[in-house]
There are 2 protein chains.
Amino acid sequence: MSALSELGEFIREQRRNAQISLRQLAQQTGVSNPYLSQIERGLRRPSAEVLQQIGNALRISTPVMYLRAGLLEAKESGGVVSAIAADDELTERQKHLLLEIYDSFRRENTEHSPGADRAGHLVEES
Amino acid sequence: MSALSELGEFIREQRRNAQISLRQLAQQTGVSNPYLSQIERGLRRPSAEVLQQIGNALRISTPVMYLRAGLLEAKESGGVVSAIAADDELTERQKHLLLEIYDSFRRENTEHSPGADRAGHLVEES
DNA sequence: GCAGAGCGCTTGCAAAAGTTAGCACCCCTG
DNA sequence: CAGGGGTGCTAACTTTTGCAAGCGCTCTGC
């Protein structure tokens, strides 16, 4: 399975998940519906602009979209932690909270009983 | 001045700064030198792949490159967003949530009355 | 039954992206 | 001065992107 058709399936999945038809998505994105069809079936490689529009309409963040398309290299683990630490727009307290949430998410995924723990309480106090 | 030629001049500037000729950069990036020339003079719009290669050769981080090219919104300027996107330990949903929290934090900081908005509701529903 | 509107898909076609070949202009070095 | 190797740029070509038009299908209302 090529990375191209993986991307296509991901997009199709997200679109179906959002209960949107090809033509509706086409209208929202400004991309033609035949082209969207081809993208979803993995026989065309959309440009970054188109990807941006699709992600925008489907509420998927652009970097996530680019990552799926192989346009953004997957960074080494710890990237999130250091990126948060280096951010100059967050307060120290916010960084701390964000990191705790990040950790709790990762813990969720490695748990045997998934979905049991929730991160809601972590944002209770700003 | 179009955003296209701005990008071109930026690349040229970075290349000159690194003391690299067009052909050398072409070889390093795997892109032909005439095309690089056209990119630098702002009369061609490089794809994200090419941009990635250029940034890679010139030691410019990919998100910064995309940002310069207008392929990434300024609001998701940094490392945090792309780092989250690239993380392979989080589910898509978790990434989305984390990004929303991150955004809400930054919004808090730029508001006139800080602390008014809370991010708690963002984690309410899985 | 049969318009009409929705769905996704196929087919050519225009416009970009990108390449190979070759131009003109230097700066050396024999 | 011939020449080779460096620079960046131009021209013609191939490949890919993205779209308009139209296909066949299904469902609904008249």
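Lettering follows sequence order; numbering is per chain, from 1.
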### Task
If a protein heavy atom is under 4.0 Å from the base, mark B; if only from the sugar-phosphate, S; if neither, -; do that for nucleotides 4-15 of chain C going 5' to 3'.
---BBBBB----
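Scanning DNA chain D 5' to 3' for nucleotides with an atom closer than 4.0 angstrom to a non-hydrogen atom of chain A gives a first and last hit of D:dT17 to D:dG22.
Among residues at least two apart or in separate chains, salt bridge (Lys or Arg N to Asp or Glu O under 4.0 Å) pairs with a member in residues 55-70 of chain A are A:Arg68-B:Glu92. Judged as a salt bridge (Lys or Arg N to Asp or Glu O under 4.0 Å), the pairs with a partner in residues 30-43 of chain A (not counting sequence neighbours) are, in order, A:Arg12-A:Glu40, A:Arg15-A:Glu40. Each ring-ring contact (aromatic ring centres under 6.0 Å, His included) pair with one or both residues in residues 40-60 of chain A, not counting sequence neighbours, would appear here, but there are none. Pairs engaging residues 10-42 of chain B under the ring-ring contact (aromatic ring centres under 6.0 Å, His included) rule: none recorded [sequence neighbours left out].
Distance alone, capped at 3.5 Å, is enough to place a donor-acceptor pair between the A:Gln94 side chain and the B:Phe105 backbone.
Shown here are the side-chain contact (heavy atoms from CB on, under 4.5 Å) partners of B:Ala69, two or more places apart in sequence or in another chain: B:Leu7, B:Leu51, B:Leu71. In this structure A:Asp103 satisfies the side-chain contact (heavy atoms from CB on, under 4.5 Å) test together with A:Arg106, A:Arg107, sequence neighbours excluded. Residues meeting the side-chain contact (heavy atoms from CB on, under 4.5 Å) test with B:Gln52, sequence neighbours left out: A:Glu73, B:Thr62, B:Tyr66. Under the salt bridge (Lys or Arg N to Asp or Glu O under 4.0 Å) criterion, B:Glu13 pairs with no residue, sequence neighbours left out.
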Please list every donor-acceptor pair under 3.5 Å in which a side-chain atom of residues 17-26 of chain B meets a protein atom from a residue at least two apart or in another chain.
unit_1: B:Ser21; atom_1: OG; unit_2: B:Arg23; atom_2: N; d: 3.4
unit_1: B:Ser21; atom_1: OG; unit_2: B:Gln24; atom_2: N; d: 3.1
unit_1: B:Gln24; atom_1: OE1; unit_2: B:Ser21; atom_2: N; d: 3.0

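Contacts between residues 46-55 of chain B and DNA chain C, counted as heavy-atom distances below 4.0 Å, involve B:Pro46, B:Ser47, B:Val50.
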